[in-house]
There are 2 protein chains.
Amino acid sequence: MDPTPIPTSDTPRKATTIKDVARRARCSIASVSRVVNDSGPVSGALRLRIAAAVAELEFRPSEVGRSLVLKRSRTIGVLVPSVTNPVFADCLAGLQETARRGGHAVLIAQSNYEAGREVEAIEPLIAERPAGLVLTVCDPASSEARARAAAAGIPTVLLFNEASDPGVALVTVDNRGAGRDLAAALIGRGHRRIAFVAGRFAASDRARARYEGVRDALVAAGLPVEPPVEADFIDGPDRIDLADILDRLRPTAIVASNDLLAIGVVAALRRHGLAVPDDVSVAGFDGIAIGGLIAPSLATIAWPARAMGTTAAAMLLDLVAGRGREPGRTLTLPHLFRPGGTLADAPNTSR
Amino acid sequence: MDPTPIPTSDTPRKATTIKDVARRARCSIASVSRVVNDSGPVSGALRLRIAAAVAELEFRPSEVGRSLVLKRSRTIGVLVPSVTNPVFADCLAGLQETARRGGHAVLIAQSNYEAGREVEAIEPLIAERPAGLVLTVCDPASSEARARAAAAGIPTVLLFNEASDPGVALVTVDNRGAGRDLAAALIGRGHRRIAFVAGRFAASDRARARYEGVRDALVAAGLPVEPPVEADFIDGPDRIDLADILDRLRPTAIVASNDLLAIGVVAALRRHGLAVPDDVSVAGFDGIAIGGLIAPSLATIAWPARAMGTTAAAMLLDLVAGRGREPGRTLTLPHLFRPGGTLADAPNTSR
DNA sequence: CTGTTAGCGCATTCAA
DNA sequence: TTGAATGCGCTAACAG
């Protein structure tokens with residue numbers, strides 16, 4: 001009844017190999033391989049003997065051996081800025097699940113939002129000879145990491161990045177359009193002084209594109225455009241300094257470059273004695289789940305983060321299998337403005 | 001000035017191998033191996049030639065080849081219930097960073113809080129012949145996944161789980177003690193009717209231990225003990241049904257088995273028209289960063305999630321390197337009660 | 001249908 | 001100090 005007993009000490013037991021199975025089934029390793037991979041013909045009787053041997057010996061083919069001969073492993077490498085940002089965690093969850101169903105394991109790496117760390121992060125992944133890579137880089141046009149992947153001839157899908165050059169597989173969203181939509185929602189609510197706060201602006205083409213979109217809308221509405229405020233905020237509860245922008249622009253609304261940052265901005269405003277949304281409205285991007293649970297709920301542009309992960313994995317597996325549709329397919333998933341309690345009409349004092 | 005140009009089409013370029021380097025440096029592959037791994041003696045002149053060849057050819061040793069001969073890869077497999085729960089994302093982030101510094105890549109798998117899925121999740125990891133595994137399982141004593149890892153002779157460190165049998169490497173916290181501490185804080189604030197809400201109670205020995213701790217404190221204080229309320233809540237904004245427990249116990253405080261759930265409980269209470277903390281206090285476990293940013297801030301028991309990841313990775317790398325201290329070392333990291341706005345004195349009406 | 005064989009890229013003997 | 005040779009576990013040609 002009990003499960004397999006768990007040895008107390010590490011028993012460096014040798015794994016059973018294809019040879020063990022062949023010996024047990026009194027046949028050649030080739031036949032074992034044929035049965036295990038369902039490649040090539042095997043008679044019913046032999047097939048049965050082999051299946052029995054596999055079961056009795058609990059044979060699990062080594063992916064290492066297979067990878068060596070096939071020149072690539074059934075592994076997908078994933079590089080994201082950080083796994084602690086819920087939007088990337090969601091991606092990763094979906095990606096991993098899809099990869100697993102496709103018989104692939106997932107290797108992870110983090111750049112910590114630093115372009116300079118992308119290479120050292122991706123190098124160990126490439127060394128594992130993955131079947132493919134999914135990357136979210138700081139700047140796709142100049143990404144050394146991408147260059148390395150390409151030089152190694154590893155099929156790659158970019159995730160969340162802005163379209164840079166053609167001929168690239170990309171799963172993304174319309175960041176700039178999202179910025180326009182969000183700003184339009186704010187302007188429609190009567191806001192005239194709108195600030196943009198970004199974390200590591202230089203390290204995120206998404207943040208830059210979202211800012212461009214917000215700017216588009218502001219310009220179109222004849223409203224003042226401020227340069228983005230850079231917050232030194234990385235997935236953590238670090239203090240965000242809004243003093244300067246609050247003094248200078250006295251914004252009635254703040255757009256943060258992502259939801260995590262937006263929640264930090266709400267907290268910072270609170271520390272400044274400002275009420276959200278009564279004094280200042282706040283909105284972000286990503287649509288992370290927690291934004292809908294807190295009070296006031298976070299107004300945001302939501303995209304299907306998990307589905308982006310699954311889609312990227314599916315696209316990559318297609319590429320790997322040679323079922324690559326047009327090389328360099330870009331898939332832009334839809335976004336949706338999600339109203340929230342952090343967004344209200346502009347206060348009268350500002351009208 | 002530009003980085004390496006990025007080929008538009010997938011160039012299935014063959015990676016340079018140790019042979020290429022040897023040919024270029026006019027020596028044997030053995031010497032190349034010696035230089036690359038700094039094993040064995042090589043004359044200065046030859047060493048120089050080889051280094052030059054390595055650089056010019058951009059030789060990156062294949063981990064696959066190395067893994068095959070060494071019978072294990074420089075890879076660590078990690079199984080967590082879900083990467084979208086911030087506490088595990090934090091762990092994973094720390095773990096990955098430490099593993100990378102130790103020259104190891106990280107493979108991930110998720111059980112989705114289902115014991116039945118642990119095996120299918122871990123099987124692909126084992127197939128990659130990892131140097132070691134870090135697991136957070138539903139029930140360590142009966143975990144089939146653990147048994148598989150042990151049967152394969154793969155060094156394993158359990159993370160966050162309760163101590164089950166000796167001889168196991170474990171990085172964890174005092175879940176039961178944490179439960180006691182949290183309940184004591186509530187009782188000290190005058191709360192007498194305290195409910196416990198868990199998500200997937202059966203799938204988390206942590207939740208069970210925390211409940212035991214809460215019960216310890218309630219019993220010691222002579223307060224009524226209710227069975228835990230199971231919420232069908234998995235890392236998401238799913239609805240939590242509190243109607244029954246609110247009716248039956250009319251609690252002045254609710255303890256959730258983790259912070260993510262606690263935030264969901266706060267939202268559910270709000271939907272019931274109850275104010276937090278004025279009508280009901282709420283507290284959780286984990287100390288996720290976002291809990292400190294929202295309003296009211298979340299009262300919680302905090303543990304160093306990221307450090308647990310780094311510690312687990314370090315312990316595993318020690319084990320792998322044979323520097324395993326006593327086999328079966330348990331490391332219990334400290335926890336700390338973190339007061340928050342969700343916790344107030346029990347309302348007078350209930351005294 | 002089945003078996004034999006030749007590597008895949010690398011670390012590691014063992015000789016020289 | 002160096003190199004030739006072996007084999008890790010597996011797939012795929014090829015031969016029978």
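Convention: sequence-line order gives letters A, B, ...; per-chain numbering from 1.
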Relative to the 5' end of DNA chain D, which residue comes earlier, A:Lys19 or A:Leu70, by the nucleotide with the nearest heavy atom?
A:Lys19
For chain B, the stretch of DNA chain D it reaches, first to last nucleotide, under 4.0 Å of its heavy atoms
D:dT1 to D:dG9
Could you check whether any side-chain heavy atom of B:Leu95 comes within less than 4.5 Å of a side-chain heavy atom of B:Cys91, counting everything from C-beta outward?
no
Between which nucleotides of DNA chain C, read 5' to 3', does contact with chain A run, using atoms under 4.0 Å from its heavy atoms?
C:dC1 to C:dG9
If we ignore hydrogens and angles and just use 3.5 Å, is the side chain of A:Asp205 paired with the main-chain N or O of A:Asn161 as donor and acceptor?
no
Note: A:Arg306-A:Glu97 ion pair, threshold 4.0 Å (strictly below)
no
List the residues meeting side-chain hydrogen bond (donor to acceptor under 3.5 Å, both in side chains) with A:Arg129, not counting sequence neighbours, and say none if there are none.
none
Describe, as an angle rounded to 10 degrees, how the axis at the first end of the helix from C:dC1-D:dG16 to C:dA16-D:dT1 is tilted relative to the axis at the last end, five pairs per end.
50°
Checking A:Arg60 now: which residues fulfil side-chain hydrogen bond (donor to acceptor under 3.5 Å, both in side chains) with it, not counting sequence neighbours?
B:Glu123
So which atom in A:Ala105 and which in B:Leu107 form the shortest heavy-atom distance, rounded to 0.1 Å?
CB-CD2, 3.7 Å
Residues of residues 29-38 of chain B with any non-hydrogen atom less than 4.0 angstrom from an atom of DNA chain D: list those, numerically ordered, please.
B:Ala30, B:Ser31, B:Arg34
Note, A:Ser31 side chain near A:Ile50 side chain (heavy atom, < 4.5 Å):
yes
Quick one: does any side-chain atom of A:Glu118 pair with a main-chain N or O of A:Cys138 as donor and acceptor, under 3.5 Å?
yes
Looking at every strand, decide which applies to B:Val69 at a 4.0 Å heavy-atom threshold: base, sugar-phosphate, or nothing.
base
Whether the side chain of B:Arg49 engages the backbone of B:Arg26 through a donor-acceptor N/O pair (distance < 3.5 Å, no angle test) should be reported.
yes
Closest to the 5' end of DNA chain D, once B:Lys71 and B:Cys27 are matched to their nearest nucleotides, is B:Cys27
Assess whether side-chain hydrogen bond (donor to acceptor under 3.5 Å, both in side chains) is satisfied between A:Glu128 and B:Thr75, documenting all intermediate values.
CA-CA 9 Å; A:Glu128 296 290 344; B:Thr75 279; 3.3 Å; yes
Is B:Val32 close to B:Val35 at the side-chain level, that is, under 4.5 Å between some pair of heavy atoms?
no
Does B:Val83 reach the side chain of A:Gln96, with side-chain heavy atoms less than 4.5 Å apart?
no
Less than 4.5 Å apart, side chain to side chain, heavy atoms only: is that true for B:Ser164 and B:Arg146?
yes
